[in-house]
Amino acid sequence: MPLPYGSLRQMPAATLVTRFAPSPTGLLHIGNARTGLLNFLAARKAGGRFILRVEDTDEARSSEAHMQALFEDLRWLGLEWDEGPDVGGPHGPYRQQQRRGVYQEWLARLDAAGLTYPCFCTPAELSVARKQQLAAGKPPRYAGTCRALSEAQRAERRARGLPSALRFRVPPGETVIFNDLVHGEQRFQTDDIGDFIIRRADGGSAFFFSNALDDALMGVTLVLRGEDHMTNSPRQILLLRALDLPVPQYAHVALLLGMDGAPLSKREGALSLRELRDRGYLPCAVRNHLVRLGHTCSTDDWLDEGAMIQDFDLARLGRAAARFDEAQLRHWQKEAVARLPAAEFDAWIAARLPQSLEGERRASFIAAIRPNVEFPQDVAFWVQVLTSAPPELSTEAAAVVREAGEAFFVAAKGALAREGVEFRSAVRELGKETGRKGPSLYMPLRAALTSATHGPELAPLFALIPADEVRARLERARRLAS
RNA sequence: GCUCCCAUCGUCUAGAGGCCCAGGACACAGCCCUCUCAAGGCUGGUACGAGGGUUCGAAUCCCUCUGGGAGCGCCA
């Protein structure tokens with residue numbers, strides 16, 4: 001007999017409450033970051049609340065350092081949570097390690113209702129059983145070995161000092177139905193679900209249990225998470241029903257794939273948010289890319305934070321897996337850099353500028369290179385162009401210099417290598433003298449002076465290079481062309 | 001193996017039976033602009049995984065297959 005969820009228990013929520021529940025076992029990868037962003041946007045769009053809960057029940061793999069890094073990276077991305085470990089809130093604590101008492105209490109209720117039983121099977125035994133089932137073409141489900149143990153048998157095992165985990169008795173012959181916001185109605189047979197562990201032998205609460213319980217206790221109304229949890233949902237619904245707790249709405253978004261098309265969710269060394277940050281990406285650029293992965297925006301244009309919240313729509317979450325594409329991220333990076341207010345751009349690259357560059361010179365340098373800067377590290381090259389130790393000529397630049405010939409640079413020295421010469425009029429003179437114009441006039445100069453064949457407008461750069469350095473570079477070019 | 005999810009240009013996607021010999025964005029190519037690059041403008045190529053249905057008509061509905069993914073953990 002089907003058990004309809006979504007009607008009785010799910011009264012229309014006054015406010016939408018979402019949550020992001022990562023485990024601090026490593027750096028946050030972009031797939032999780034996307035999930036976090038989506039939850040944040042969903043809550044903000046609806047004027048609801050966004051909760052951050054740290055799922056650190058795996059003590060061996062969780063660490064304080066990872067948790068701090070998590071906060072930092074999430075804040076860097078621009079997410080703010082209304083409740084969480086570091087900001088508090090009415091449903092705390094928000095670290096699962098600090099919620100053991102809560103789990104004990106609710107586990108006891110389940111136990112009192114006769115819905116659990118201790119399991120004495122060892123991991124080794126279970127592993128063997130799974131392999132046998134798989135080999136026999138059967139689903140690797142818990143066989144129920146300890147399900148019907150008598151009290152005497154349990155006592156005997158305990159007396160022998162055998163550790164036990166606690167399993168949930170999955171009711172047979174039922175259909176769990178729920179409406180997934182992105183996939184529609186889902187039905188699962190409980191007969192396909194084996195009795196699962198809700199408390200480990202070490203006393204720790206298992207994911208299925210603590211995760212679902214906390215959502216209910218914290219008033220979460222929408223569980224927006226990765227599709228890898230889709231088939232976990234019926235288990236959690238069963239648990240919540242047994243506990244007589246409200247069942248949230250579910251929305252399972254397709255997983256994010258790496259650039260190679262492989263899921264990055266569980267891959268070792270998956271691209272982390274931290275790495276993007278270290279590479280110089282701006283958080284708003286990352287947001288603009290992530291929000292379009294598995295979610296369609298109403299525009300292809302840039303979305304600032306307010307517009308992004310306004311534009312977000314649960315109805316436009318996608319069903320198909322999306323690939324993270326750095327080429328597109330770079331597009332948003334360019335947009336982001338272009339939109340940076342002058343003062344922010346200045347601060348963004350400040351660390352790359354030499355102390356000696358100040359005032360007027362600094363301002364005109366920044367103005368000149370700005371269109372050619374995508375990352376802060378791009379500044380380094382143009383800074384070097386200003387120094388007395390210019391970069392090596394690129395292959396293309398050297399070719400251009402050779403093509404121009406020695407005579408051109410002899411003339412150029414005459415026209416340009418004087419103190420206080422004005423670039424444009426000097427170049428005009430040089431053009432008359434050599435019979436060159438346009439690219440054939442400017443390119444050799446660009447190559448000789450900047451060592452590169454492309455870059456910012458030449459005049460402002462020229463004005464920042466000392467006259468004797470200009471002379472030295474033109475001489476360098478002359479020798480190369482001879 | 002079983003259960004579940006997914007499938008439109010290289011990539012992100014629009015498309016809820018005729019408006020689609022499929023639109024946009026990114027990327028790519030060409031042209032314009034320009035001292036170069038970037039930006040901007042214009043142009044171009046490239047996609048409905050396959051096969052069956054249903055229908056006057058299918059990218060859109062149904063079935064099968066193929067391909068990809070997830071879950072079936074004392075990980076979360």
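On a predicted model such as this, the values are computed, not experimentally measured, just so you know. Residue numbering restarts at 1 for every chain, and letters A, B, ... go by the order of the sequence lines.
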Checklist entry - On a whole-Å scale, what distance lies between the C1' atoms belonging to B:rG30 and B:rG52? => result 43 Å
Checklist entry - Does A:Arg370 count as lying over the ring of A:Phe345, i.e. NZ or CZ under 6.0 Å from the six-ring centre, within 45 degrees of the axis? => result yes
Next on the checklist: By the 4.0 Å heavy-atom rule, please label A:Thr57 as base, sugar-phosphate, or nothing.
Outcome noted: sugar-phosphate
Checklist entry - What class does the angle between the rings of A:Phe178 and A:His252 fall in, given that below 30° is parallel, 30 to 60° is tilted and above 60° is perpendicular? => result perpendicular
Checklist entry - Under the 3.5 angstrom rule, does the side chain of A:Gln236 hit a backbone N or O of A:Phe208 as a donor-acceptor pair? => result yes
Checklist entry - Any chance the side chains of A:Thr57 and A:Arg95 put a donor and an acceptor closer than 3.5 Å? => result no
Next on the checklist: The side chain of A:His183 is closest to which nucleotide in this list: B:rC74, B:rC37, B:rC5?
Outcome noted: B:rC5
Item to check | Under 3.5 Å on both distances, the Watson-Crick or G-U partner of B:rA7 | outcome: B:rU66
Checklist entry - Can you tell me the Watson-Crick or wobble partner of B:rA38, both distances under 3.5 angstrom? => result none
Item to check | Nucleotide nearest A:Asp228 when distance is taken to its side chain, options B:rU36, B:rC2, B:rG71 | outcome: B:rG71
Next on the checklist: When you compare the side chains of A:Tyr142 and A:Gln133, does any donor N or O come within less than 3.5 Å of an acceptor on the partner?
Outcome noted: no
Checklist entry - Could you state the interatomic distance from CG (A:Leu115) to CZ (A:Arg241), rounded to the nearest 0.5 Å? => result 9.0 Å
Checklist entry - Roughly how far apart, to the nearest Å, are B:rG51 and B:rA7 at atom C1'? => result 16 Å
Checklist entry - Which comes earlier along RNA chain B counting from the 5' end, the contact point of A:Ala21 or that of A:Tyr142, where each point is its nearest nucleotide? => result A:Tyr142
Next on the checklist: Taking any heavy-atom pair under 4.0 Å as a contact, classify A:Glu374: base, sugar-phosphate, or nothing.
Outcome noted: nothing
Checklist entry - Closest nucleotide of RNA chain B for A:Thr231 versus for A:Glu59: which of these residues is on the 5' side? => result A:Thr231
Item to check | Option among A:Asn39, A:Asp215, A:Asp214 that satisfies the side chain to side chain donor-acceptor pair (under 3.5 Å) test with A:Arg19 | outcome: A:Asp215
Item to check | Pi-cation contact, A:Phe408 with A:Arg436 (under 6.0 Å, within 45°) | outcome: yes
Next on the checklist: Can you tell me which nucleotide in B:rA76, B:rA27, B:rA70 comes closest to the side chain of A:Leu255?
Outcome noted: B:rA70
Item to check | Base partner of B:rG44, which must satisfy Watson-Crick or wobble distances under 3.5 Å | outcome: B:rC28
Between the protein and nucleotides 39-41 of chain B, list the N/O to N/O atom pairs that are separated by less than 3.5 angstrom.
none

Strictly under 3.5 Å: I want the nitrogen or oxygen pairs between protein and nucleotides 12-14 of chain B, one per line.
from, atom 1, to, atom 2, distance (Å)
B:rC12, OP1, A:Arg323, N, 3.0
B:rC12, O4', A:Gln328, NE2, 3.4
B:rC12, O2', A:Arg292, O, 2.7
B:rU13, OP1, A:Gly294, N, 2.6
B:rU13, O3', A:Thr296, OG1, 2.8
B:rA14, OP1, A:Thr296, OG1, 2.9

Checklist outcome for this item: CD (A:Gln97) and CG (A:Asp56) are apart, to the nearest 0.5 Å, by 4.0 Å
Next on the checklist: Counting only side-chain heavy atoms from C-beta out, which of B:rA76, B:rC4, B:rU36 sits nearest to A:Met230?
Outcome noted: B:rC4
Pull out every protein N or O sitting under 3.5 Å from an N or O of nucleotides 29-34 of chain B, one pair per line with the distance.
none

Checklist entry - For the side chain of A:Arg167, counting heavy atoms from C-beta on, which of B:rC26, B:rC35, B:rC74 is nearest? => result B:rC74
Checklist entry - Base, sugar-phosphate, or nothing: which does A:Cys121 touch, judged by heavy atoms less than 4.0 Å apart? => result base
Checklist entry - Base, sugar-phosphate alone, or nothing: which one does A:Arg330 contact when heavy atoms must sit under 4.0 Å apart? => result nothing
Next on the checklist: Any salt bridge linking A:Asp311 with A:Arg316? Criterion: basic side-chain nitrogen under 4.0 Å from a carboxylate oxygen.
Outcome noted: yes
Checklist entry - Which nucleotide in the list B:rA27, B:rC72, B:rG71 gets nearest to the side chain of A:Ala327? => result B:rA27
Next on the checklist: Measuring from the side chain of A:Ile197 (C-beta onward, heavy atoms only), which nucleotide among B:rC74, B:rU36, B:rA38 has the closest atom?
Outcome noted: B:rC74
Checklist entry - For A:Tyr281 and A:Phe375, what are the C-alpha separation, side-chain angles and deciding distance, and is it a ring pair (Phe, Tyr, Trp, His ring centres under 6.0 Å)? => result CA-CA 7 Å; A:Tyr281 281 106; A:Phe375 298 103; 4.9 Å; yes
Next on the checklist: Does A:Pro22 reach a base, just sugar-phosphate, or nothing at all? Heavy atoms under 4.0 Å.
Outcome noted: nothing
Next on the checklist: Taking any heavy-atom pair under 4.0 Å as a contact, classify A:Asp58: base, sugar-phosphate, or nothing.
Outcome noted: sugar-phosphate
Next on the checklist: Would you say A:Asn211 and A:Glu55 are linked by a side-chain donor-acceptor pair, where the criterion is simply a distance under 3.5 Å?
Outcome noted: yes
Next on the checklist: Between B:rA58 and B:rG49, how many Å separate the two P atoms, rounded to a whole number?
Outcome noted: 16 Å
Next on the checklist: Under 4.0 Å, heavy atoms only, any strand: does A:Arg436 hit a base, just the sugar-phosphate, or nothing?
Outcome noted: nothing
Next on the checklist: Testing A:Leu276, A:Leu27, A:Leu256 one by one against A:Leu271 for a side-chain contact (heavy atoms from CB on, under 4.5 Å), which residue passes?
Outcome noted: A:Leu276
Checklist entry - Counting any heavy atom closer than 4.0 Å, what does A:Asn232 reach on the DNA or RNA strands: base, sugar-phosphate only, or nothing? => result base
Checklist entry - A:Pro439 side chain: which of B:rC35, B:rC37, B:rA76 is closest? => result B:rC35
Checklist outcome for this item: B:rG1 -> Watson-Crick or G-U wobble partner, both distances under 3.5 Å, gives B:rC72
Item to check | Pair partner, B:rC33 [Watson-Crick or wobble, under 3.5 Å] | outcome: none
